[in-house]
4 protein chains.
Amino acid sequence: MSLTAQRQTHHRAVPRAPGRPRDRRIDDAVLEATAELLQEVGYARLSIAAVAARAGTHKPAIYRRWPSKAQLVHEAAFPTEDSTLIPDTGNLRDDVESMVRGAAELFARPVVRAAVPGLIAEFASDPDLHARLLERFSERVWGAMRDRVASSTERGELRPGVDPSVVLDLVGGGALMALLTRGPGDLGEAWVESTVSILMEGIAP
Amino acid sequence: MSLTAQRQTHHRAVPRAPGRPRDRRIDDAVLEATAELLQEVGYARLSIAAVAARAGTHKPAIYRRWPSKAQLVHEAAFPTEDSTLIPDTGNLRDDVESMVRGAAELFARPVVRAAVPGLIAEFASDPDLHARLLERFSERVWGAMRDRVASSTERGELRPGVDPSVVLDLVGGGALMALLTRGPGDLGEAWVESTVSILMEGIAP
Amino acid sequence: MSLTAQRQTHHRAVPRAPGRPRDRRIDDAVLEATAELLQEVGYARLSIAAVAARAGTHKPAIYRRWPSKAQLVHEAAFPTEDSTLIPDTGNLRDDVESMVRGAAELFARPVVRAAVPGLIAEFASDPDLHARLLERFSERVWGAMRDRVASSTERGELRPGVDPSVVLDLVGGGALMALLTRGPGDLGEAWVESTVSILMEGIAP
Amino acid sequence: MSLTAQRQTHHRAVPRAPGRPRDRRIDDAVLEATAELLQEVGYARLSIAAVAARAGTHKPAIYRRWPSKAQLVHEAAFPTEDSTLIPDTGNLRDDVESMVRGAAELFARPVVRAAVPGLIAEFASDPDLHARLLERFSERVWGAMRDRVASSTERGELRPGVDPSVVLDLVGGGALMALLTRGPGDLGEAWVESTVSILMEGIAP
DNA sequence: TGATAAGCGAGACGGTACGTCCGGTCTTGAG
DNA sequence: CTCAAGACCGGACGTACCGTCTCGCTTATCA
């Protein structure tokens, strides 16, 4: 599908959908307006109507593109180019440090801070949504991270019996909990070092 | 309500507030109805009117008692008698194990699972609410847990330089993240053991 | 003691009710407050709570005395001493003129204008109330007027076949309709004369 | 709604209001439900929510169409097609008889009996409403009746000096007062004849 | 080149849920 | 039994906003 889409700009005739094509500028304007409003009013008070107004368009144009507020916000808060969380240092300690620091930095972004709690709530009440958004983004990142940790076992950098998923729970959950209970201000370099040292002592052989 | 309850525990005769006293049965019925509906429809779709109907009363009776849905849900999901999270074994490993297991068990309860993501979202957009609910419940529990970990330093059970707050972030955040990404089914005994072993290796001297 | 009490009102022995007697000043203050508020906000927006506040007392003290807003307003708008509508000139033309002028003057009073439409509405939805208020006031006045008209037949001042009740309908209804459709300003001397002349031509032999 | 209807009778093509058009069936269902409930519970106890429920819709759909209960009830009790009160016999006696009989018949309808007292009360406390409803309905009917009576003067059927407005006061007010004091049962043929004979004797030259 | 089909602007619609007002009742303690 | 004081229960209110729909127009591809 994405390949097909790429070809669309080629000279080859692709069975392009009939009818008037969408105005790409609306996509961009809506995503930008969403990101802005998210930081101004938060997830709960973010209304599609307000996004439409700020983007200079109307509600149906948004609903045509994103089936729900959650999907829109997810795309606005986590642009696909993002790969902050994927390090590849070849060394477990550095990888873990990258992950922890990446999580801290991710959660330090105002857009992300504004989006995450709302998305968490939506996931809980709509498992289907959870799956669809994981597919879009997290599976790639999260899976890559788990693989990286798992492969460390073979290199003897991980204590046998340590479940990579649990390690990721601790990395991501630690940052999330610190964010929720103490705010983004405490997620500084000291926090990163403290967390990494605990985790490395905990998982090294 | 909790204020009234506190007042009544004083041994001195309290002059009693003027006016007709509240019907305590409504308090109970509403909390029960809230817990039920929370599991049936989730936090977002939980309406005050529906709670009132199920409890056999009306909206104003609820608004008189709880200023917002968040406060109501908090009280319904975390009754004050709860002290699951407060162990006191005198031994750090056992304390940590109790905390981890307690977190897992807490998040395994359907009511809690239904309530937490919604509450997290509300906290994010209303810091004042966060403070008020912490005051009611978490401060006591969370503070006690932090004290317990902190006091271990003096007993030589904790590696110097380990920040007790970070330890709690990892305990609570790990459980939360596991719940959010993999559901409550994975929070079994294996998960507890794996988490405890990582944490203990990580924080022991 | 009981003798003393007896003398207070009647000469006859009245078994005075036990308990604290009502404060007559509250009766007066409430009636006065009702009359004032009636003119300020109208019947519909008149709340018992506001009356109580203005009278310097509380709602239960009012409900103890008057079972409903209608009864209270009726008493406030039509004090019992009133006998404006009862002429007795011995001459039909003068009697009718007195009635028409009395009706016009009655409806010209601001309190009455404010009270009547609301009372009419209450009568319609509560026939029992209608009866109770008629008993208090209208029966006496209305009956006396009808008797006066009826007795004119015997004196040969009334055309045979004219139903006294219909005459009263026209007298009172004419004033009411003029009030409702054109306001109190049009109920002046010209209106009285015009109405009386039509009625007298219509009912004289 | 009536405005929309009027617009559509223009022969010029009307550009049609933008947005989704109203569901006309809701208009009808609401008016019917209002008429029914009016007779069952009366004006005062008629709630918009109950009307909506009976009509199978919801409150906002009603508030979108009618700004107040009074306007809704007025339209439900007096459909615009109504022209009961407009006779045109070319003869004053017959015209007056038609008016009186029309008033009696109008007030004999259960819907009208249930609506009128409540509307009267609302008129009294909201003169603006009065004007708006007169514009919709009464002005046409009432004005036509007054014209008819007034034109009789030129034809020599009316005694000079008789004010047509006063005649209408007596016609309408008489019926209203009879309804209020004695109920609809007494507004029969005998009442009509008695009233007409008084009025005709009163206003004929 | 016209028919077909989807997108867009504009905005009202049907309907859910909200949070508030207030009417009439009840409770307590004092007189 | 009344009073002051005031909170209580519950019916009804009018509003905000959600996601959908309708319309007239525009923009592109297909036949």
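Lettering of chains follows the sequences in order, A, B, ..., and the numbering in each one begins at 1.
Taking each heavy atom of A/Ile26 and A/Ala61 in turn, the nearest pair found is CG2-CB, 4.5 Å. Nearest heavy atoms, B/Pro117 versus A/Ala124: CG-CB, 3.4 Å. When all heavy atoms are compared, the tightest approach of C/Leu119 to C/Phe78 is CD1-CE1, 4.0 Å.
Atom CD1 of B/Ile62 and atom C1' of E/dC18 are 13 Å apart (whole Å). Taking atom OH of A/Tyr63 as the reference point, atom P of F/dG19 lies 3 Å away to the nearest angstrom. Distance CZ (D/Arg54) to P (F/dA12): 13 Å, rounded to an integer number of Å. For B/Ile48 and F/dA16, the CD1 to P distance is 20 Å, given to the nearest whole Å. In this structure, CZ of D/Arg25 is placed 15 Å from P of E/dC13, rounded to the nearest angstrom. Distance, D/Trp66 CH2 to F/dG14 P: 15 Å, rounded to whole Å. Counting to the nearest Å, the P atom of F/dC17 and the NZ atom of A/Lys69 are 12 Å from each other. Between A/Leu72 atom CG and F/dG19 atom C1' there is a gap of 14 Å when expressed in whole angstrom units.
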Open item on the list: Show, in sequence, the C-alpha distance, side-chain angles and deciding distance for C/Glu122 and C/His74, and conclude whether the side-chain contact (heavy atoms from CB on, under 4.5 Å) test is met.
Closed with: CA-CA 11 Å; C/Glu122 302 258 31; C/His74 196 261; over 6 Å; no
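Take the nearest nucleotide of DNA chain E for B/Leu46 and for C/Ala49: the residue whose nucleotide is more 5' is B/Leu46. Projected onto DNA chain F by closest heavy-atom contact, A/Arg45 and D/Arg45 fall at different nucleotides, the more 5' of which corresponds to D/Arg45.
Just one of C/Val73, C/Leu31, C/Ile62 meets the side-chain contact (heavy atoms from CB on, under 4.5 Å) condition when paired with C/Val51; it is C/Ile62.
Salt bridge annotation for B/Arg65-B/Glu75: absent, with no cationic side-chain nitrogen under 4.0 angstrom from a carboxylate oxygen.
Checking the phosphate oxygens (OP1, OP2) of E/dT16, no side-chain nitrogen or oxygen of B/Ser47 falls inside 4.0 Å.
Axis angle across the helix from E/dT1-F/dA31 to E/dG31-F/dC1, with five pairs used at each end and values rounded to 10°: 30°.
One finds the CZ atom of C/Arg24 at 10.0 Å from the CZ atom of C/Arg22 (value rounded to the nearest 0.5 Å). Annotation: the span from D/Ile120 atom CD1 to C/Ile120 atom CD1 amounts to 5.0 Å, rounded to 0.5 Å.
Within a 6.0 Å sphere centred on CD of C/Glu32, heavy atoms belonging to other residues, nucleotides or ligands number 12 at most.
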Open item on the list: Strictly under 4.0 angstrom, non-hydrogen atoms only: write out the protein contact profile of nucleotides 6-11 of chain E, one letter per nucleotide from the 5' end, B, S or -.
Closed with: BBBSBB
